[in-house]
Asker: 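Can you read through this structure? Questions will come right after.
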Amino acid sequence: MTKNESIPKQEVTAQSDICFTLNATKLEDAKQIYFKGKENLVNVNRWHKIAGSFSAKFQLINANGVALFGTAKVNDYIKIQLPTAGKNCDWVQIESIKKNNEQNYYQQIIMKTRPVDNPENKESTTKKLFTEDDTSTFSIERKKEKFTAAIHGRNELLNIKSNGLLHKIRNGIIGILVMLGINTTQWKALNKGLLTKQVAIK
């Protein structure tokens with residue numbers, strides 16, 4: 001399956017495509033960069049350090065609300081603490097992780113996420129920032145010595161069904177900032193860091 005086949009079709013409101021490219025000088029170097037990038041991508045808990053101190057904080061959580069400290073797996077939740085969101089968190093769930101591994105020419109890993117309500121507290125009045133139509137697709141791709149790290153947002157539609165006026169206002173303000181590109185700097189930094197940083201896993 002190609003990256004284009006893994007990215008959902010754009011149907012409503014906004015979309016985004018944020019990419020970082022890098023070229024290696026030798027095939028062996030390229031294989032090592034890809035391995036590093038792939039490991040960085042699935043170690044979601046390290047994304048904050050990879051993207052820098054001004055980025056959101058990310059934590060893998062299972063369906064019972066227990067923090068996970070390994071690599072990302074399908075159906076895991078990601079708890080996101082946005083710098084602009086105060087104590088409230090947002091959540092996505094990992095829908096798929098797909099790999100293509102032809103080491104001499106082409107390697108690829110793609111992870112797709114979708115917004116969900118807080119799995120730690122089903123009664124929480126804070127509902128997901130975007131609707132279930134929204135997806136974020138993260139990918140690392142190598143073609144010979146050329147790399148692309150990318151984040152593709154599709155069908156980015158604000159969720160206005162939060163319970164309570166304050167949470168509706170909160171979702172509206174943060175969502176508008178996101179859709180205006182406030183988060184673009186963070187995603188650019190993450191893309192670059194996935195390919196260029198080696199963060200120790202504890």
Asker: Between Tyr106 and Glu141, do the side chains contain an N or O donor and an N or O acceptor separated by less than 3.5 Å?
Answerer: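 Yes, Glu141 and Tyr106 have a side-chain donor paired with an acceptor closer than 3.5 Å.
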Asker: Working to the nearest 0.5 Å, report the span between CD of Glu95 and OG1 of Thr113.
Answerer: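 Glu95 atom CD to Thr113 atom OG1 measures 8.0 Å (nearest 0.5 Å).
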Asker: I'd like to know if Phe35 and Phe147 are part of one continuous hydrophobic network [Ile/Leu/Val/Met/Phe/Trp/Tyr, side-chain heavy atoms within less than 4.5 Å].
Answerer: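 No, Phe147 does not connect to Phe35 through the hydrophobic network.
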Asker: Verify side chain to side chain contact (heavy atoms under 4.5 Å, CB included) between Asn100 and Arg142, making sure each step is shown before the conclusion.
Answerer: CA-CA 10 Å; Asn100 188 327; Arg142 177 180 75 85; over 6 Å; no
Asker: Considering non-hydrogen atoms only, spot the tightest contact between Gly193 and Ile50 and give its length.
Answerer: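 Nearest heavy atoms, Gly193 then Ile50: C-CG2, 3.3 Å.
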Asker: Mind listing the closest non-hydrogen atom pair of Cys19 and Ala150 along with its distance?
Answerer: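 Where Cys19 meets Ala150 most closely, the heavy atoms are SG-CB, 3.7 Å.
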Asker: For side chain to side chain contact (heavy atoms under 4.5 Å, CB included), just list the numbers for Phe138 and Leu194, CA-CA rounded to whole Å, side-chain angles, deciding distance to a tenth of an Å, and then say yes or no.
Answerer: CA-CA 11 Å; Phe138 302 79; Leu194 290 174; 5.9 Å; no
Asker: Can you tell me how far the NZ atom of Lys79 sits from the CD atom of Gln59, to the nearest 0.5 Å?
Answerer: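 Atom-to-atom, Lys79:NZ and Gln59:CD are 8.0 Å apart.
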Asker: Starting from the C-alpha separation in whole Å, work towards a yes-or-no answer on side chain to side chain contact (heavy atoms under 4.5 Å, CB included) for Val44 and Met111.
Answerer: CA-CA 11 Å; Val44 172; Met111 183 170 72; 4.1 Å; yes
Asker: Hey, could you give me the OG/CD1 distance between Ser136 and Ile18, rounded to the nearest 0.5 Å?
Answerer: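 One gets 9.0 Å once the value is rounded to the nearest 0.5 Å.
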Asker: According to the interplanar angle, ranging from 0 to 90°, do the rings of Phe58 and Trp47 count as parallel (below 30°), tilted (30 to 60°) or perpendicular (above 60°)?
Answerer: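 Aromatic pair Phe58/Trp47 classed perpendicular.
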Asker: Does Glu28 offer a backbone N or O that forms a donor-acceptor pair with the side chain of Glu145 under 3.5 Å?
Answerer: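 Between the backbone of Glu28 and the side chain of Glu145 there is no qualifying donor-acceptor contact (under 3.5 Å).
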Asker: Kindly compute the distance separating CD (Gln186) from CG (Asn191), expressed to the nearest 0.5 Å.
Answerer: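 It comes to 10.5 Å.
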Asker: Kindly indicate, with the supporting measurements, whether the criterion side chain to side chain contact (heavy atoms under 4.5 Å, CB included) is fulfilled by Ile109 and Tyr34.
Answerer: CA-CA 10 Å; Ile109 179 169; Tyr34 176 78; 3.7 Å; yes
Asker: Just how far is it from atom CG of Asn45 to atom CG of Leu60, taken to the nearest 0.5 Å?
Answerer: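 Interatomic distance, Asn45 CG to Leu60 CG, rounded to 0.5 Å: 4.5 Å.
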Asker: For the pair Asn64 (side chain) and Val66 (backbone), establish whether a donor and an acceptor sit closer than 3.5 Å, ignoring hydrogens and angles.
Answerer: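 Side chain of Asn64 to backbone of Val66: no pair is present.
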Asker: Might you point out which heavy atoms bring Val74 and Ser96 nearest each other, and give the distance in Å?
Answerer: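 Heavy-atom minimum between the residues: CG2-CA, 3.9 Å.
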Asker: What are the two closest heavy atoms between Asn43 and Gly70, and how far apart are they?
Answerer: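 So the minimum-distance heavy-atom pair works out to OD1-O, 4.2 Å.
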Asker: Identify the heavy atoms of Ile94 and Ala72 that sit nearest to each other, and give their distance.
Answerer: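 The pair with the smallest heavy-atom distance is CD1-CB, 3.6 Å.
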Asker: Take Trp187 and Phe20 through the ring-ring contact (aromatic ring centres under 6.0 Å, His included) test and state the conclusion after the steps.
Answerer: CA-CA 10 Å; Trp187 293 137; Phe20 174 78; over 10 Å; no
Asker: Quick one: NZ on Lys197 to CG on Asn40, what's the gap to the nearest 0.5 Å?
Answerer: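 Lys197 atom NZ to Asn40 atom CG measures 10.0 Å (nearest 0.5 Å).
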Asker: Thinking salt bridges, do Lys36 and Glu39 make one under a 4.0 Å N-O criterion?
Answerer: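 A salt bridge is absent here (no side-chain N lies under 4.0 Å from a carboxylate O).
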Asker: Might you point out which heavy atoms bring His48 and Ala56 nearest each other, and give the distance in Å?
Answerer: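 Smallest heavy-atom distance, with atoms named: ND1-O, 3.2 Å.
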